[in-house]
Every structure is written in C-alpha cells, then in structure tokens.
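Shown next, in structure tokens, is the structure this report addresses.
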Amino acid sequence: MVSRVIPVDPFDLVIFGGTGDLARRKILPGLFRRFCAGQMPPSARVIGAARSDLDTQGYRDLVADAIAEFNSDFDHEADQLKGFLDRLEYVAIDAKGQEGWADLQKLLQGTDRIEAYYFSVSPSLFGDLAERLQQWGMADANSRIVVEKPFGRDLQTARTLNATLAKYFDERQIYRIDHYLGKETVQNLMAVRFGNMLFEPLWNSQYVDHIQITVAETVGVGGRGEYYDKSGAMRDMVQNHLMQLLCLIAMEPPARFDPDAVRDEKLKVIRALDPVKPHHIARGQYQAEPCNEAHHPGYRTAVGDPRSRTESFVALKTHISNWRWAGTPFYLRTGKRMAARSSEITVVFKETPHSIFAEDAGRHRNVLSIRLQPNEGITLGVTIKEPGPGGMRLVDVPLDMTFADALGPEGAEQVDAYERLIMDVIRGNQTLFMRGDEVEAAWAWTDPIIQGWEARNDVPKPYDSGSDGPTDAFELMRRDQRQWREVSA
Ligand code: BG6
C-alpha cells in the first residue's frame, strides 16, 4: 500500500497559544510530520503567537524540544527538522491589548495565500482574538479560524460564543475541532457503513437489538485537574466525542460526503435524541489505586477537592426517536482510570427468530464490533457449526479483521487526528468539523442531564481504578437483560 500525499496550497498558520501544551504536544509535532511527508509546501509558514517574550530563534528552540519530546518515535533526518524550523516565526502578542498585533500584521502583509488562525487558548479569549483580527484587517474572506473544545460549557455559553465569532467570521470560516472526527478509524465508520452493501439494510431497529459505545481510558485527570473538575466526563467526553460517534453510527446516509450533507444528517440525529431519564444514568468517580496511591491517587486527591462531586465516569442509555431507530437503545459509556484504553462501538443484532437445529437449543446473534483504538479493526461474531461429531451444535466465533494485518504496516499507518484536521483547514474542507448548530444541539441534550445532577446534589459512585466502572453501570444493563462488552485492550 502506498500512501498518497497531495500537497496543500501555500499557507500561513498562526497559532495563538503557540507555546502552550496543545501546540507543543499535538499541533507542532503534527505539522512537522506533514512537512516530512511533503504535504506542507516549502513556502508555508507557521507563526507562533503567545504572551511569552521570545524571539523567533527562541521559539524554534522550543519547538525543536517539543518535537524531540512528543515525536520521539518518528524517524526523520536532521535537515528535515532544520527545514521545518526555518518555516517558523514568532510574535509576542497580547490577545486582550494591542501589543504585538502590528508585528503580526506586518508579517502577513503582502502575501496572497491562505491564512489560518488557530485559537489554541482559553475560550474566554476567542472573542478578543476574533475582534483583534478584524480590527487589524486580518479577517478577510480568505482567512479561517480554528477553535478547540470546550466550545462553551452549556447551551447558553455556546450560543454566546457562536454569536461572538459570527460577528467577525462566516460559519464557513469557522473550524470547530473535535479531534475524534480526525481519527482514521472514526472515518472508517462512515466507510464501513456507506461503502458496503452488507450492513445498511440491517442497520435499523428491526435487526439491531442495541448499540454500545465505549471510550475507556486508563489515564486519570493528571495535571488537568483544575479544568476537569469544572467539566466532568459528561462535558469533557460525552457532549462532543461520544456524541459524534453516536451521530456517525446512527445517521441517515448523506447524499454526498460533503460538509453540509454530512453535518445536516448528524444534526438530525442529535435533535432526535430522547431526554435521558435519571435512572438511565450511572456516574462514577475513580478511587486511588491500592498500594500505588502516590502515583495513582484517587480522583478527589488528584483534583485537590475532597468533596468534589464531578464525575470521571458516566454510562447512560438513550433512544433516537425516528423511524430507523425507535425501540433500539443506545448505551454510551466513558471513564478515566478504567481497566484498559479501549474505544469501541458494538452493534448487537437481534437473535435469530427460530432454531431449526434440534441439538442446539440456543438462539444466536451477530455482534459487529468496530474498534477505534487501539488495534483498530472490525470483528463480526458469526455462528458456525461446532466441529466434530455430535450433530448440529452451534458455536459463535469471531471473524476478525485487524486493519494492521489486512493492510500491512504502511497501509495501516496512522495519521494523527490533528495532522489531518489542520490539513483539512488549509484545504477548506469542513466535513470533519462541528457546525455551530450541531454544538448547540448537543448542549441542548446534555444540559438537562447536568442540571438534574446539580438540582439533586448527585454524588458520583466510587469505582476502583483499573475496573470497568461503578456497579450502577452494570445495573443499568442488567435491568435490560443485557451486558456491557468487557473493557479490554
Ligand atoms: C480530550 C479530553 O478531548 O480527549 C481528554 O479532554 C481525553 O480528557 C481525550 O483524555 C481522549 O482523547 P484520545 O484521543 O486519547 O482518545
């Protein structure tokens, strides 16, 4: 398999927050990989903009360190690194004041190329940055802005943010990142659904018993306790990443793979979601790892609040009220410090209606599981005859396709989500970005759940680090005579 790299047009990418964690961890190492792959044209420039008092050389040193730290397993030549660093500039800038803006304007003046502004800063600065770009004449029809999550913390704040950005930029210029949409395997969901005849006729409540979406992480809140404790799993993961997965698995086939066709269909799914009943949700908070408390403290210690009521785990059941899905429950689950890092979507089909084999009393069901990370691949559970004598006894076996095995190491080579998404920004392709109305609809569904917890002073249930979550989550399934897939790597 030979990967095809199509270079993008010349661009200037300004990264506000260019010295920050996301820029050093993801954005700059990702750009470097695209540079080495030959996708970033030699004339492209990346301009770090932040408060730190650095010069361009200082910034290049900082980026070289970041690449060494966060791209350590990426093979490259020294002159490739030098070539990339030469494309970097730096401007010390004050998002709220006027300092540095004239320098940035001068740098960008007289170039007739794509200008992209990445707002890798706190959302509280989005409005200021957009206003300054406008004031200094940098918000023209050819420019685009990239904004990170969290996009608001509820419907009201998301609306305000959308309205603020809309004062300065058209919707077609705003790229709201949900990095899950940039994952290779998440796009594979669409390929599997709409590139095969096999699944689509069965993809409805007549044949599907239920669907499970699990995004389990082994990491805890780490150094992000302050942010996380104000968010919790519902805001941090469900409102965005899990919601996007749910949309892709449940939406109607869009007429074309283009931004509005895809996003219109996703929006319809979110708008058709039923409100979640309080007894259809389980919330949890991880406890310290026994004998390893110093390294793996419990959630409350990690966030420094012994009374914190923020959830690090949530599991819930919801329904989509439309013709395709009425009657098929969707179970969503995500948590930190779980047994394994594993993101998986499982489509559990209904049982066969009748068994023709006298020796086999059981009913059988097919289970399609799409593993997003790690070991990306697809497994279809099928029923076959148990080998040997003894009549027609049946057994369920997996038809397993791990993409790395099927495509070879090169074909299965993963482009990091950020790399792909940044290149899409330059190409002007919004298909894998969230539209403003989608984000608002997701909050409109999420808000009542969170408000319900607040009104009831709900306290999340403790669960063991390294487990599959609190017992309430299992109870949620048991009541429906179903069970979660085991969380395993
Ligand atoms: C981020 C969340 O958006 O996604 C984090 O803020 C979470 O809390 C992360 O750990 C998970 O992303 P990935 O790509 O590691 O699955």
Side-chain angles (χ1 to χ4, degrees), residues 17 20-27 29-30 33 70-71 73 118-123 146-153 158 175-189 213-248 283-286 296 299 302-303 308 310-314 332-345 370-376 414-422 432-434 438-439 442-443 446 450 460 465 469 487-489:
D21 192 58
L22 182 72
R24 290 185 311 111
R25 231 174 239 282
K26 293 284 183 189
I27 305 173
R33 287 194 293 269
F70 299 114
N71 237 352
D73 54 357
Y118 200 126
F119 293 6
S120 179
V121 294
S122 152
V146 186
V147 293
E148 269 293 330
K149 72 175 263 268
F151 198 85
R153 54 176 285 106
Y175 290 73
R176 293 176 195 79
I177 288 215
D178 182 315
H179 79 278
Y180 265 56
L181 289 176
K183 287 182 190 270
E184 181 79 15
T185 40
V186 173
Q187 291 165 66
N188 237 329
L189 283 182
I213 303 179
T214 294
V215 177
E217 298 184 276
T218 49
V219 293
V221 293
R224 299 163 71 227
E226 201 187 324
Y227 149 78
Y228 193 91
D229 203 41
K230 293 195 198 94
S231 304
M234 196 72 193
R235 288 191 173 99
D236 186 53
M237 296 293 288
V238 179
Q239 187 272 348
N240 37 80
H241 305 326
L242 275 85
M243 178 67 78
Q244 290 297 322
L245 298 180
L246 173 67
C247 286
L248 297 180
R283 290 172 89 209
Q285 218 179 43
Y286 63 81
H296 289 161
Y299 177 84
V303 301
S308 170
T310 305
E311 77 288 352
S312 61
F313 173 99
V314 66
L332 274 47
R333 169 176 66 156
T334 184
K336 294 206 181 282
R337 278 261 188 276
M338 292 182 65
R341 176 172 186 253
S342 160
S343 301
E344 194 175 74
I345 299 179
I370 305 166
R371 286 191 309 280
L372 305 176
Q373 60 188 26
N375 306 326
E376 297 77 5
Q414 298 285 313
V415 174
D416 181 80
Y418 278 91
E419 295 174 49
R420 166 173 294 113
L421 294 175
I422 295 170
L432 300 177
F433 295 83
M434 292 181 297
E438 247 184 284
V439 177
W443 280 122
T446 316
I450 298 173
S465 280
V487 174
S488 63

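These values consider heavy atoms only, across backbone and side chains, with no hydrogens, waters or symmetry-generated copies. Both ligands and their constituent atoms are indexed starting at 1 by order of listing.
No donor-acceptor pair closer than 3.5 Å links the side chain of Arg333 to the backbone N or O of Gly469. Thr214 contributes no side-chain N or O that, together with a main-chain N or O of Ala216, makes up a donor-acceptor pair within less than 3.5 Å. Formation of a donor-acceptor pair under 3.5 Å by the Glu311 side chain with backbone atoms of Ala233 is found in this model.
A salt bridge does not link Arg371 with Glu344: none of the charged nitrogens is closer than 4.0 Å to a carboxylate oxygen.
You'll find the side chain of Arg25 stays beyond 4.5 Å of the side chain of Tyr418, heavy atoms only.
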List below, pair by pair, the N or O atoms of ligand 1 and of the protein that are less than 3.5 Å apart, including the distance to 0.1 Å; reply 'none' if no pair qualifies.
from: ligand 1; atom 1: 3 (O); to: Lys149; atom 2: NZ; distance (Å): 2.7
from: ligand 1; atom 1: 3 (O); to: His241; atom 2: NE2; distance (Å): 2.6
from: ligand 1; atom 1: 4 (O); to: His241; atom 2: NE2; distance (Å): 3.4
from: ligand 1; atom 1: 6 (O); to: Lys149; atom 2: NZ; distance (Å): 2.9
from: ligand 1; atom 1: 6 (O); to: Arg224; atom 2: NH2; distance (Å): 2.8
from: ligand 1; atom 1: 6 (O); to: Asp236; atom 2: OD1; distance (Å): 2.6
from: ligand 1; atom 1: 6 (O); to: Asp236; atom 2: OD2; distance (Å): 3.3
from: ligand 1; atom 1: 8 (O); to: Arg224; atom 2: NH1; distance (Å): 2.9
from: ligand 1; atom 1: 8 (O); to: Asp236; atom 2: OD2; distance (Å): 2.6
from: ligand 1; atom 1: 8 (O); to: Lys336; atom 2: NZ; distance (Å): 2.8
from: ligand 1; atom 1: 10 (O); to: Glu217; atom 2: OE1; distance (Å): 3.3
from: ligand 1; atom 1: 10 (O); to: Glu217; atom 2: OE2; distance (Å): 2.5
from: ligand 1; atom 1: 10 (O); to: Lys336; atom 2: NZ; distance (Å): 3.1
from: ligand 1; atom 1: 12 (O); to: His179; atom 2: NE2; distance (Å): 3.1
from: ligand 1; atom 1: 14 (O); to: His179; atom 2: NE2; distance (Å): 2.8
from: ligand 1; atom 1: 14 (O); to: Lys183; atom 2: NZ; distance (Å): 2.6
from: ligand 1; atom 1: 16 (O); to: Tyr180; atom 2: OH; distance (Å): 2.4
from: ligand 1; atom 1: 16 (O); to: Gln373; atom 2: NE2; distance (Å): 2.8

Using the rule given for side chain to side chain donor-acceptor pair (under 3.5 Å), can you reason through Tyr118 versus Glu148, listing the C-alpha separation, both sets of side-chain angles and the distance that settles it, and then say yes or no? CA-CA 8 Å; Tyr118 200 126; Glu148 269 293 330; 2.6 Å; yes
